[in-house]
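Scroll down for the structure; my scribbles are underneath it.
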Amino acid sequence: MNSTVDPTQRKTVVVVGHGMVGHRFVEALRSRDEAGKWQVVILSEEQLPAYDRVGLSSYVGNWDPTALALPGNEYAGDALVELRLGQSAQSIDREARKVTTSAGDTIAYDALVLATGSYPFVPPVPGHDLSECFVYRTIDDLDGIRAAAAAAGPGAAGVVVGGGLLGLEAANALRLLGMTPHVVEFNPRLMPAQVDEGGGAILEKLVTDLGLQVHTGVGTASIETITDAESAERLKVTLSDDTVIDAGLVVFSAGVRPRDQIARDSGIEVGPRGGIVTDLGLQTSDPNIYAIGECAAVEGVCYGLVAPGYTTAEIVADRLLGGAGEFPGADMSTKLKLLGVDVASFGDAHGTTEGALSVVLHDAAKGTYAKLVVSDDAQILLGGILVGDATAYSALRPLVGRPLPAEPATLISPAGAELGADALPDDAQICSCNNVSKGAICGAIEEGACDIPGIKKCTSAGTSCGGCVPMLKKLLEQSGVEMSKALCEHFSQSRAELFQIVQVTGIRTFSGLIAKHGKGSGCDICKPTVASILASTSSDHILDGEQAALQDTNDHFLANLQKNGTYSVVPRMPGGEVTPDQLITIGQIAKEFDLYVKVTGGQRIDLFGARVEQLPLIWKRLVDVGMESGHAYGKSLRTVKSCVGSTWCRYGQQDSVGMAVLLEKRYRGLRSPHKLKLAVSGCARECAEARGKDVGVIATEHGWNLYVGGNGGLTPKHAVLLAGDLDDETLIKYIDRYLMFYVRTADRLQRTAPWQEALEGGIDYLKQVICEDSLGIADDLEAAMAQHVAGYRDEWAAVLDDEEKLSRFVSFVNAPEEADPTISFDATGERKVPVLLGMPEIPVATRGQ
């Protein structure tokens, strides 16, 4: 940015703190100060420049600080910004307008902006200062937690004191580090600031199902060091109800306090409960000093979210350039995903407004809770809470304080009204993080912003938490903009369109496809997608030629990569059947290679802990006794589960095992947009849980009922009936058609349930296509499946027969005879577990290829 101000006339603003809000202030000031009136000096206590503290938990797993770095946080090429890392402000001389730093430097200022944020509150529990006790605030904190978790060992308990937002994030971090998290919350429910009793109950159930141990309504009485039977030091955490937890570490996440000490020491007014008191212009009791973000008590109120922090930063930048901006108040709405669980609250979520009414939908079976708080005449939306499913958040939050477009209950009912973007007035705030209205977004669209990146660039909407992105899509659609179905930036076609291109043109390489129908060199989205399409349209081995380089880690090594860099081996056991010789071989392999053995939920046996160079040796033993790859690593058929059926069971009506074996052998190796699971039950008692599978078959007195589109996961779906009382031949014909139609038309990584629901006409349309051949493609679908069945060959056996493919299975390409020295296990407990020495996943680039 060019400067027109005489350097001798330039003023200096010192910014104390370089968090998200401090960085936002510098960005705002520099973008508007076209004349270069202000020189900026930033004091950053941390050694790292500003990073995304809201996304701190994403640091767990990749351990790459640069991934959290905020854009432009080093101000490269800007001569008017000086960033001093590792220096904090020690004192302020208000009379002389000087700041003394921790390095002993003195910096004169014309304006001082305090962006010191907050600090974690640690309750004065006896033992809180032990070395194994941490807070959850910075990257350095997470590095310390990581080291302590490794020292404690896999499965060790980790206690989180505090069950709010950060507490649950900390618990998830411990879970990802291989620990067993215990959450201790003094209030009677988790996240008491965001959710009510009903929402807290659902939230507790959901996180408990994910492996957290939750202790609500209790405090932490003491923490002390003990020595266990192996002379290892542990922590004994005693709760107020006398519960004792043997823990490896403790993380305090019991709330935050404004970091206002430097203001106190300088005689600047602070609030009775903390925080640097400011007026609506963020000016403190010293007219030359401003406070922004979490340390500021705007007219006595502190705001702990990043959105109001950004607003304070923008106002001070405006003030320094002669403006008169004032703090307009804050939207404290939040939409979060904690341990994969959606939680959102907005407006008057707890119904504190006089006369407020609540409309609640509590579905314990689905694990969802929704509450709308409305005015006493049920006409105005005041607030709400969503737990388990927060998809309605982006449409409901902008309506706070406005008339409801429909009955409250219909807005949160699955079968009720869906709020469109047209229900919102132009002044409705769509992006609360950056205070962007619907009118501003629609204006950007009219000016040519025809996609989400374009809107983000023009308005900043969707650039922070991303919670408003679904509404941005609705606004684009409302404006008549056709949403792109492009697979990625390299292919303008959808996955289904690329499938048709490959099928029609006969192109058999990624390079050939991208040269003729795409652009660039490809990415980690299109490469594995095209690899899957190529595998679905031929019987070529996935490691043949160029295809090998397209595969992700699991497919590249035909095995599932585990947390410590080893692999698991899952041989196919059609319908759960296995011979005595095969069982003996599995046991011998497990003993010889020292593997952990587990029976899976899909009626198979999983062998864990194999190093990459051991995989072919294990496969050879399995292949020799008639076993083959179970494709546990691929987006393909996993298992066909079965009960024992009429062969053994007195209730069985058909031979479910025989049908399961037939189906698994028919569809084994079928590559698809996502994994596929099938099941066959011998009677209506449903012991094989067929209606929870992508394809479920249930025996009847007259044949088979065929169910499709069942999925597990975060949003379980029951399969729905496609056809009933089918004979064997018709059943297989319909399954052939269904699976191949799915393989051809589904989007990348789309399970059968959402694919089925997205089809116009849903199950009725599928019945027409599959059972009535309404599109006239039934013969083609059956022929494609027949080609797959005829061309199938076991992937493990194919590698064993090919020296070139075998050469890839080494730990290090430059030292193929050496094993990976970083791999280790802990077998001191009842079961063998991996020891995580740093990275929880080994990138494919470091492995033999």
Sequence-distant partners of [X], side-chain contact (heavy atoms from CB on, under 4.5 Å), two or more places apart:
X	result
Asp594	Lys832
Asn554	Asp552, Asn560, Leu561, Tyr633
Asp246	Ile226, Arg234
Leu130	Glu132, Cys133, Ile223, Thr225, Leu235

Using a strict cut-off of less than 4.0 Å between a Lys/Arg side-chain nitrogen and an Asp/Glu carboxylate oxygen, indicate whether [X] and [Y] qualify as a salt bridge.
X	Y	answer
Asp694	Arg638	no
Arg572	Glu664	yes
Asp544	Lys805	yes

Decide whether a cation-pi geometry holds between Arg685 and Tyr651; the criteria are a distance under 6.0 Å from NZ or CZ to the six-membered ring centre and an angle within 45° of the ring axis.
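Output yes; distance and angle both within limits.
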
Restricting to salt bridge (Lys or Arg N to Asp or Glu O under 4.0 Å), what partner residues turn up for Lys635, sequence neighbours left out?
none

Using side chain to side chain donor-acceptor pair (under 3.5 Å) as the criterion, list what pairs up with Trp704, not counting sequence neighbours.
Asp728

Step through the shown structure and confirm whether more than 12 heavy atoms of other residues, nucleotides or ligands are within 6.0 Å of NZ on Lys677.
no

Value for NZ (Lys717) from CZ (Arg751), rounded to nearest 0.5 Å, stands at 12.5 Å

